[in-house]
Amino acid sequence: MDFSNKVFLFCQKIPSGKVTTYSELARVCGSKKAVRAVGNILNKNRDFNNVPCHRVVCKNGEIGGYVFGTKKKKDLLKKEGVIFVNETKVNLDKCLFRF
DNA sequence: AGTAAGGCGGGCA
DNA sequence: GTGCCCGCCTTAC
């Protein structure tokens with residue numbers, strides 16, 4: 001319960017135009033190996049209203065998955081100013097937000 | 001490069 | 001209340 005709360009909190013801390021990875025997110029939440037748990041939380045809770053989970057991507061820069069579809073996620077990120085290296089990957093070097 | 005296994009919380013049976 | 005399976009992944013073989 002506390003874990004998911006952290007996840008949501010950190011997600012909201014991500015500024016517009018920046019992204020983070022599930023690994024980093026899991027790490028700051030206490031368990032760096034709980035990346036799957038993080039994904040599960042974001043997916044099941046889908047607090048897109050309170051949590052911009054579209055700003056969370058895979059470690060390699062790929063979008064990964066998204067409740068509304070990866071296309072939507074990509075589109076949202078683009079609008080926020082996130083640099084994309086191609087249609088499916090973001091530029092982590094420029095847009096990775098580190099806690 | 002591809003495949004398999006892994007560690008972790010949430011949700012449902 | 002307990003247990004099992006799943007997931008927007010990661011890492012190792």
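For the numbers below, each heavy atom of this structure counts, side chains included, while hydrogens, waters and symmetry mates do not. In the text below, chain A, chain B and the rest are named by the order of the sequence lines, each starting its count at 1.
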**Message:** Side-chain N or O of A:S4 versus OP1/OP2 of B:dG9: is the shortest distance under 4.0 Å?
**Reply:** no

Do [X] and [Y] touch side chain to side chain, with heavy atoms closer than 4.5 Å?
| X | Y | value |
| --- | --- | --- |
| A:F99 | A:L25 | yes |
| A:V56 | A:V7 | no |
| A:C95 | A:V82 | yes |
| A:T21 | A:L96 | yes |
| A:S23 | A:K32 | no |
| A:V19 | A:I14 | no |

Can you sort out which residues in [range] have a heavy atom within less than 4.0 Å of DNA chain C? Ascending by number, please.
| range | result |
| --- | --- |
| residues 80-99 of chain A | none |
| residues 52-69 of chain A | A:C53, A:C58, A:K59, A:G64, A:G65, A:Y66, A:V67 |
| residues 72-79 of chain A | A:K73 |

**Request:** Go ahead and write out DNA chain C as dot-bracket, 5' to 3': ( ) for pairs within the strand, [ ] for ones crossing earlier pairs, | when the partner sits on another strand, dots for unpaired; Watson-Crick or G-U wobble, both distances under 3.5 Å.
**Result:** .||||||.|||||

Between [atom2] of [N] and [atom1] of [X], the distance in whole Å:
| X | N | atom1 | atom2 | answer |
| --- | --- | --- | --- | --- |
| A:N43 | B:dC12 | CG | P | 12 Å |
| A:L42 | B:dG11 | CG | P | 12 Å |
| A:L25 | B:dC8 | CG | P | 16 Å |

**Asked** Do the side chain of A:K73 and the main chain of A:I63 share a donor and acceptor less than 3.5 angstrom apart?
**Response** yes

**Prompt:** Quick check: does any side chain N or O of A:K72 sit under 3.5 Å from a backbone N or O of A:V67, one acting as donor and the other as acceptor?
**Reply:** no

Looking at every non-hydrogen atom in both residues, tell me the closest pair between [X] and [Y] and how far apart they are.
| X | Y | result |
| --- | --- | --- |
| A:T70 | A:G64 | CG2-O, 3.3 Å |
| A:F3 | A:A34 | CZ-CB, 3.7 Å |
| A:K18 | A:F97 | CB-CB, 3.7 Å |

**Request:** May I ask you to list the residues of residues 29-38 of chain A, by number, that have any heavy atom positioned under 4.0 Å from an atom of DNA chain B?
**Result:** A:K33, A:A34, A:R36, A:A37

By salt bridge (Lys or Arg N to Asp or Glu O under 4.0 Å) - contacts of [X] (at least two apart):
| X | value |
| --- | --- |
| A:K94 | none |
| A:D93 | none |
| A:R27 | A:E24 |
| A:K44 | none |

**Message:** Any base atoms under 4.0 Å from A:I41, or only sugar-phosphate, or nothing? Heavy atoms, all strands.
**Reply:** sugar-phosphate

**Message:** I want to know whether A:F8 and A:F10 have ring centres closer than 6.0 Å.
**Reply:** no

**Request:** Give every residue pair that meets the salt bridge (Lys or Arg N to Asp or Glu O under 4.0 Å) criterion with at least one member in residues 56-69 of chain A, sequence neighbours excluded.
**Result:** none

Pairs under 3.5 angstrom, nitrogen or oxygen only, protein versus nucleotides 1-5 of chain C, please.
none

Output a table of donor-acceptor pairs, distance under 3.5 Å, between side-chain atoms of residues 74-81 of chain A and any protein atom two or more places apart or on a different chain; print 'none' if there are none.
unit_1: A:K74; atom_1: NZ; unit_2: A:E87; atom_2: OE1; d: 2.5
unit_1: A:K78; atom_1: NZ; unit_2: A:E87; atom_2: OE2; d: 3.4
unit_1: A:E80; atom_1: OE1; unit_2: A:R55; atom_2: NE; d: 2.7
unit_1: A:E80; atom_1: OE1; unit_2: A:R55; atom_2: NH2; d: 3.3
unit_1: A:E80; atom_1: OE2; unit_2: A:H54; atom_2: NE2; d: 2.7

